[in-house]
Number of protein chains: 2
Amino acid sequence: MLPTSTDSALKIATPSRPGWRGLIEEYRQYLPVSKETPVVTLWEGNTPLIPVPKIAQTIGKGVEVFVKYDGLNPTGSFKDRGMTMAISKAKETGAQAVICASTGNTSAAAAAYAKRAGMRAFVLIPDGYVALGKLAQALLYGAEVLAVKGNFDYCLGSVREMAEKYPVTLVNSVNPYRIEGQKTGAFEIVDVLGDAPDWLCIPVGNAGNITAYWQGFGEYHQAGKSQRLPKMMGFQAAGAAPLVNGAPVAHPETLATAIRIGNPASWEKAVAAQQQSQGEFNSVTDAEILAAYRLLGSEGLFCEPASAASVAGLLKVKERVPAGATVVCILTGNGLKDPDTAIAHSESNFKQGIEPELKAIVQAMGF
Amino acid sequence: MLPTSTDSALKIATPSRPGWRGLIEEYRQYLPVSKETPVVTLWEGNTPLIPVPKIAQTIGKGVEVFVKYDGLNPTGSFKDRGMTMAISKAKETGAQAVICASTGNTSAAAAAYAKRAGMRAFVLIPDGYVALGKLAQALLYGAEVLAVKGNFDYCLGSVREMAEKYPVTLVNSVNPYRIEGQKTGAFEIVDVLGDAPDWLCIPVGNAGNITAYWQGFGEYHQAGKSQRLPKMMGFQAAGAAPLVNGAPVAHPETLATAIRIGNPASWEKAVAAQQQSQGEFNSVTDAEILAAYRLLGSEGLFCEPASAASVAGLLKVKERVPAGATVVCILTGNGLKDPDTAIAHSESNFKQGIEPELKAIVQAMGF
């Protein structure tokens with residue numbers, strides 16, 4: 001039997017506060033689903049919009065800053081928003097297997113939703129290139145990981161060809177349902193704020209998410225749910241900034257691995273989002289990303305380095321934020337995905353070898 | 001300025017769907033807070049209650065099983081529920097520093113909330129005992145970690161003495177506000193289901209959480225929010241099962257480190273919860289915990305090994321689940337906290353060295 005949300009709701013008594021039902025049920029009217037679509041959900045979405053007063057104070061001018069903490073999705077990243085759609089639609093067509101080339105968040109999300117739906121989940125990666133730790137999630141969900149003696153581009157080409165010739169559905173970012181699911185992040189922001197923010201700051205790698213948010217804000221505005229549209233502020237890592245440079249980057253480099261992309265799949269759509277919204281693309285250095293990452297830590301928020309690019313970018317252009325503006329920065333992934341960066345780049349607050357006496361401990365505390 | 005939820009709400013327009021405000025605001029009338037309490041929140045709580053149909057089918061008899069996925073709290077565990085209370089109350093008394101002895105989830109939660117509130121956060125650990133990876137979160141939030149040449153019991157004694165003699169607030173589990181916050185997990189379950197479940201399955205280590213849930217179900221029942229009370233089913237790891245044995249365990253051992261505790265702080269209260277609810281304590285082996293951990297993975301859920309004890313326990317006593325019962329299992333922490341266990345204990349689905357030809361890849365897929 002399918003683990004659909006309908007099954008599970010059968011026997012529930014009338015709840016006093018029914019709670020979130022997953023993003024497809026919540027936003028069904030805005031999504032390409034029908035009554036026949038089996039909803040494969042992990043109750044994704046509904047992630048908190050959290051004020052970050054220290055960051056707001058850095059900007060001043062009465063500006064209010066929130067982060068959309070999408071790392072609290074079930075597999076730890078915004079990819080779940082797209083994957084609940086991609087897997088539900090794959091299930092609707094009777095697919096029994098899905099495939100993607102991914103070394104990170106996409107593989108985790110694909111594996112979780114596909115296995116929940118009772119499908120096989122194949123993940124192609126370049127042999128010898130990926131640390132096993134990055135695959136912990138996909139393996140635990142039950143993905144079948146295939147390490148091929150080729151580079152990442154070869155893997156991407158293979159999965160496309162595979163999906164054309166064999167009964168396996170492609171769930172990489174070219175799958176159109178991914179963007180449909182991801183646009184719900186914009187809906188949630190408007191639902192909580194009562195309108196769109198003035199600025200939407202977002203990390204840009206493959207450019208699918210900035211495309212999805214712009215689409216979401218547009219559709220909600222059309223539906224009369226918001227008065228205004230935000231400026232879309234897209235931030236790339238300085239070593240992987242094709243949209244800022246206006247040309248692909250042959251060898252993208254940044255410690256923010258989730259946005260280390262030289263030739264974004266959604267290039268044109270991202271440019272359209274920036275132009276239509278009178279927004280900007282800009283780049284931030286790895287040092288700026290790490291500074292924002294630590295600043296977010298001091299607000300109690302642990303995100304992936306790539307996520308911090310949104311805040312790093314905001315701080316870089318803070319002189320141009322209008323007085324009194326409302327700004328939302330997207331934090332795309334959970335910091336727990338990358339503990340090594342936290343250890344390597346925390347401010348050193350680790351004192352060892354303290355004698356087991358209250359006096360010695362008190363002294364180490366600086367009391 | 002304090003990063004309170006009140007500050008942040010100031011300029012928000014009237015929202016169409018205002019969303020969750022953090023558990024203190026949502027359950028204020030049930031919590032020991034007043035208008036004077038500065039609410040230090042990361043929008044914790046409101047974690048999804050997710051049906052797990054494969055597990056339900058294993059039991060049969062029309063039983064419905066949900067997991068309360070508390071690993072989606074902001075620092076990745078249920079500890080955030082208690083810590084929003086403990087830190088808000090510490091702030092109310094003017095505390096400028098907090099301290100705890102912890103190598104895991106408590107230190108992460110304490111650090112996140114304390115730093116958000118602008119306090120110092122001290123974490124005592126036994127020198128040379130703790131892998132740095134376990135401290136990644138606490139360090140990133142900005143905790144000051146002190147490794148003392150003593151064992152864990154020495155650290156616990158030290159922080160208690162420190163809190164008595166110096167201006168630093170203890171936020172270990174003896175802090176009474178922790179239980180107050182944690183009881184809101186029970187409220188959320190009743191709010192979504194419309195009543196309490198028949199069974200509540202929960203991992204038991206220090207026994208604070210089973211105590212808190214029982215208190216929460218009781219208070220909500222008293223307030224007329226539920227018709228019934230659940231049986232409290234507490235599950236311990238076989239190598240760390242003092243409540244099952246009826247005696248402390250001198251050298252507790254289990255791979256489920258979050259419940260590796262030989263002498264629980266809330267012993268008497270946990271026994272009271274079990275007796276008053278006509279529930280049970282039982283133990284599960286590490287092998288049973290790992291089997292449940294993988295089964296949860298196949299439902300798309302990645303939890304800490306200790307969390308899986310609740311499901312392992314349910315499966316162990318499944319013959320005794322009443323037909324048609326509603327069962328909720330608590331998943332206390334996010335699996336991303338412990339990627340090593342996922343890698344070591346996934347079913348091996350990792351094929352390497354595949355030739356870069358479609359034929360070879362297809363063969364490896366078994367197509």
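Just so we're on the same page: letters track the sequence lines, and every chain starts at 1.
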With distance as the sole test, does A:D127 use its side chain to make a donor-acceptor pair with the main-chain N or O of B:Q352 at under 3.5 Å? no

Is the side chain of B:Y154 donor-acceptor paired with the backbone N or O of A:P356 at a distance under 3.5 Å, no angle test? yes

Look at [options] and state which one has the largest set of heavy-atom pairs under 4.5 Å with chain A.
| options | answer |
| --- | --- |
| B:T341, B:L296, B:V148, B:D340 | B:V148 |
| B:L146, B:V65, B:L124, B:I99 | B:L146 |
| B:A342, B:A112, B:G353, B:G22 | B:G353 |

Surrounding CZ of B:R160 (heavy atoms of other residues, nucleotides or ligands, distance under 6.0 Å), is the total greater than 12? no

Among [options], which residue forms the greatest number of heavy-atom pairs with chain B at distances under 4.5 Å?
| options | value |
| --- | --- |
| A:R120, A:E44, A:K165 | A:R120 |
| A:G150, A:G142, A:A143 | A:A143 |
| A:A360, A:P167, A:C155, A:G71 | A:P167 |
| A:L140, A:I343, A:L336, A:V362 | A:L140 |
| A:S298, A:P339, A:G335 | A:S298 |
| A:P48, A:A364, A:P74 | A:P74 |

Between [X] and chain B, which part of the residue has a heavy atom less than 4.5 Å away: side chain, backbone, both or neither?
| X | value |
| --- | --- |
| A:N349 | both |
| A:L49 | backbone |
| A:N73 | backbone |
| A:Y141 | both |

Do [X] and [Y] have side chains that get closer than 4.5 Å, going by heavy atoms?
| X | Y | value |
| --- | --- | --- |
| A:I361 | B:F122 | no |
| B:K149 | A:I354 | no |
| A:T75 | B:F302 | no |
| A:M162 | B:M365 | yes |

Listed once per pair and sorted, the side chain to side chain donor-acceptor pair (under 3.5 Å) pairs that draw on residues 356-367 of chain B, sequence neighbours left out: none

Drop me the distance from [X]'s [atom1] to [Y]'s [atom2], to the nearest 0.5 angstrom.
| X | Y | atom1 | atom2 | answer |
| --- | --- | --- | --- | --- |
| B:L358 | A:S158 | CG | OG | 6.0 Å |
| B:L301 | A:R116 | CG | CZ | 6.0 Å |
| A:L72 | B:L72 | CG | CG | 6.5 Å |
| B:W43 | A:F66 | CH2 | CZ | 7.5 Å |

Smallest separation among heavy atoms of A:L42 and B:I50, with atom names: O-CD1, 3.5 Å

Do you know the tightest heavy-atom contact between B:F350 and A:A147? CE1-CB, 4.2 Å

Would you mind checking if B:E144 and A:K351 are paired as a salt bridge, meaning a charged N to carboxylate O distance below 4.0 Å? no

Applying salt bridge (charged side-chain N to carboxylate O under 4.0 Å, His left out) to A:D198 and not counting sequence neighbours gives A:R228

